[in-house]
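In what follows, a single structure is set out as structure tokens and then discussed.
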Amino acid sequence: MAYFRALSQDQAQEETGGHVPAYSSTECGIAVIARPIRHGEPDLLIGRENEALSVKGPTGDVVYSVSPSAPWTHDSIVQALSHADVVRAVNGDVADAYLGDVWIGSTEL
């Protein structure tokens, strides 16, 4: 199973010479696409900062869910999906992440 490390936007820009990747990688393998990278792209976080973050497994069942103690930021979502409980819940399988009812990432990207 491959593991990824979470990068903040500042770290990603620093490591890539100013280029922001299309997604943020997490320890559980879910690539998060919520952060806009080009002018005019929607920010999938806006209006959902207090929604539950959930992870659904290959059958669509929720395998992990957490409500924010403070409004979500892009970096806090990546950190939450890198938590050991999420890594165990995903367990190298196919998984999708949702903020409220909006899809924000997958292991299949």
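We use all heavy atoms of the structure for the numbers below, so side chains are in, but hydrogens, waters and symmetry mates are not.
Between P58 and D93 the shortest heavy-atom distance is CG-OD2, 3.3 Å. Across all non-hydrogen atoms, the minimal contact from V78 to S25 is CG1-O, 3.7 Å. Nearest heavy atoms, R48 versus V102: NE-CG2, 2.9 Å.
A donor-acceptor pair under 3.5 Å is absent between the side-chain atoms of S54 and the main chain of S65, judged by distance alone. Judged purely by atom type and a 3.5 angstrom limit, E49 uses its side chain to pair as donor or acceptor with the backbone of G47. One N or O on the side chain of T107 and one on the backbone of A95 form a donor-acceptor pair closer than 3.5 Å.
Separation of atoms CG (D96) and CD1 (I104) is listed at 10.5 Å; rounding is to 0.5 Å. Here the OH atom belonging to Y64 is positioned 6.0 Å from the NE2 atom belonging to H83, to the nearest 0.5 angstrom. For the atom pair L45 CG and I77 CD1, the distance stands at 5.0 Å (nearest 0.5 Å). Here I33 contributes atom CD1 and E41 contributes atom CD; the two are 9.0 Å apart, rounded to the nearest 0.5 Å.
V66 and W103 fall within the same hydrophobic cluster, defined by Ile, Leu, Val, Met, Phe, Trp and Tyr side-chain heavy atoms under 4.5 Å apart, directly or through other members. Side-chain heavy atoms closer than 4.5 Å link hydrophobic residues (I, L, V, M, F, W, Y) into clusters, and following such links, possibly through other members, connects L109 to I30. V94 and V90 fall into different hydrophobic clusters, where Ile, Leu, Val, Met, Phe, Trp and Tyr are joined by side-chain heavy atoms under 4.5 Å apart, directly or via other members.
Inter-residue side-chain proximity for E27 and L81 is flagged as unmet; no heavy-atom pair is nearer than 4.5 Å.
Donor-acceptor pairing under 3.5 Å is lacking for the side chains of W72 and N50.
With sequence neighbours excluded, the residues that form a side-chain hydrogen bond (donor to acceptor under 3.5 Å, both in side chains) with T59 are D61.
Salt-bridge formation is detected for the pair D75/R35: a Lys NZ or Arg NE/NH1/NH2 atom is positioned less than 4.0 Å from an Asp or Glu carboxylate oxygen.
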